[in-house]
Number of protein chains: 2
Amino acid sequence: MPRSTRRRPALSHPAAEEIDLYDVLHALSDPTRMTIVRVLRAEPERACGTFPVDVAPSTLSHHFKVLRESGVISQREEANRRFSALRTVDLERRFPGLLDTVLAALARNETGAEATWHG
Amino acid sequence: MPRSTRRRPALSHPAAEEIDLYDVLHALSDPTRMTIVRVLRAEPERACGTFPVDVAPSTLSHHFKVLRESGVISQREEANRRFSALRTVDLERRFPGLLDTVLAALARNETGAEATWHG
DNA sequence: TACGATGTTCGACGAACGACGAAATTGCCG
DNA sequence: CGGCAATTTCGTCGTTCGTCGAACATCGTA
């Protein structure tokens, strides 16, 4: 039998008012993490292993931690799966328009001139 | 006599269409560089040494280079001074609303809860 | 109970980052 | 000409970053 209902430490999320802009910008300045955010905007919730990113599981786990501790996403445990979701409401309250603007910029970025020779 | 009218290599600026979002977000994820951007939004142009940041001149020069090569600012030489300006038009064309939204978020960030104990 | 699936933690590694001081460049001015 | 002021370049130091593999934990299920 499990020795306790909750053996793993609770997932740490910053409160909405404590989300730091520099942490958010740093979290969004990585292509792998940005891909996670982009996918997560289309779907309300998604399990960690189902993202179209090409990195090792441990690396992916690291990126989720960065996103979570910066306040960009929240994570919820269910069985041995971990579901992630964008903290759209908290983010909008703290930094109005930021997430939408950055995601719109991301769409522009992919049609930019450097996609031909830079990537 | 000077051996040439232009001895120093020309300052490299990315074209407006080549500005990369990840470079911009990374450039803005540092407090010193963000201070430069904030000051530069209030004034159209300013010499490098006149910014209210507390780092060594060589460090400051490094930050200006990061900002310039990411496309956030432009730099112009005049005598032995170098003037910096925000590339507001190019930025607005490439990523509409991004700069304004981030700077509005910065104002929010400074009145946040973490300013009491985190700074 | 044992296995497989899911995901994390723990080092390790090379690359990049932010910071500095020293030296060099450039141009103005006494 | 000879400083002085502004700024960059170079080398260095310590830290952080992104990545990986190996090991561990948890849960459902055969």
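So that the names make sense, note that chain A is the first sequence line, chain B the second, and so on, each numbered from 1. Hydrogens, waters and symmetry mates play no part in the numbers below; they use all other heavy atoms, side chains included.
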[X] has an atom [atom1]; how far is it from atom [atom2] of [N], in whole Å?
X: A:F64; N: C:dT8; atom1: CZ; atom2: P; value: 8 Å
X: B:E77; N: C:dT26; atom1: CD; atom2: C1'; value: 9 Å
X: B:L25; N: C:dC17; atom1: CG; atom2: C1'; value: 17 Å
X: B:R81; N: C:dG27; atom1: CZ; atom2: P; value: 14 Å
X: A:R46; N: C:dG7; atom1: CZ; atom2: C1'; value: 16 Å
X: A:M34; N: D:dC17; atom1: CE; atom2: C1'; value: 17 Å
X: A:I36; N: D:dG18; atom1: CD1; atom2: P; value: 12 Å
X: A:E78; N: C:dG7; atom1: CD; atom2: C1'; value: 14 Å

### Query
Taking atom CG of B:L67 and atom OG1 of B:T32, what is their separation to the nearest 0.5 Å?
10.0 Å

### Query
So how far is it from B:S70 OG to B:R33 CZ, rounded to the nearest 0.5 Å?
8.0 Å

### Query
By side-chain contact (heavy atoms from CB on, under 4.5 Å), which residues pair with A:A85, not counting sequence neighbours?
A:E45, A:S74

### Task
Could I get the full list of side-chain contact (heavy atoms from CB on, under 4.5 Å) partners for B:E69, not counting sequence neighbours?
B:S12, B:K65

### Task
Taking all heavy atoms of A:L60 and all of A:C48, pick out the closest pair and write down the distance.
CD2-O, 3.5 Å

### Task
Might you point out which heavy atoms bring B:H13 and B:Q75 nearest each other, and give the distance in Å?
NE2-N, 2.9 Å

### Task
Compare the minimum distances between each of D:dT7, D:dT19, D:dG18 and the side chain of A:H63, then state the nucleotide with the smallest one.
D:dT19

### Task
Between D:dC17, D:dA6, C:dC17, spot the one nearest the side chain of B:H26, thanks.
C:dC17

Under-3.5 Å N/O pairs linking protein and nucleotides 2-5 of chain D:
unit_1: D:dA5; atom_1: N3; unit_2: B:N80; atom_2: ND2; d: 3.4

Side chains of residues 50-58 of chain A: which donor-acceptor partners sit under 3.5 Å, not counting sequence neighbours?
unit_1: A:T50; atom_1: OG1; unit_2: A:R46; atom_2: NE; d: 3.0
unit_1: A:T50; atom_1: OG1; unit_2: A:A47; atom_2: O; d: 2.8

### Query
Between A:R94 and A:D20, is there a side-chain N and carboxylate O pair less than 4.0 Å apart?
no

### Query
Is the closest basic N to carboxylate O distance between A:E110 and A:R38 below 4.0 Å?
yes

### Of residues 66-76 of chain A, the positions that come close to DNA chain C - non-hydrogen atoms, cut-off under 4.0 Å
none

### Query
Looking at residues 48-62 of chain A, who's got a heavy atom less than 4.0 Å off DNA chain D?
A:V55, A:A56, A:S58, A:T59, A:H62

### Task
Look at the side-chain N and O atoms of B:R82 and state whether any lies under 4.0 Å from the OP1 or OP2 oxygen of D:dT8.
yes

### Message
A quick test of your reading: do over 12 heavy atoms of other residues, nucleotides or ligands sit less than 6.0 Å from CZ of B:R76?
### Response
yes

### Task
Please determine which of B:L103, B:V24, B:L91 meets the side-chain contact (heavy atoms from CB on, under 4.5 Å) test together with B:L98.
B:V24

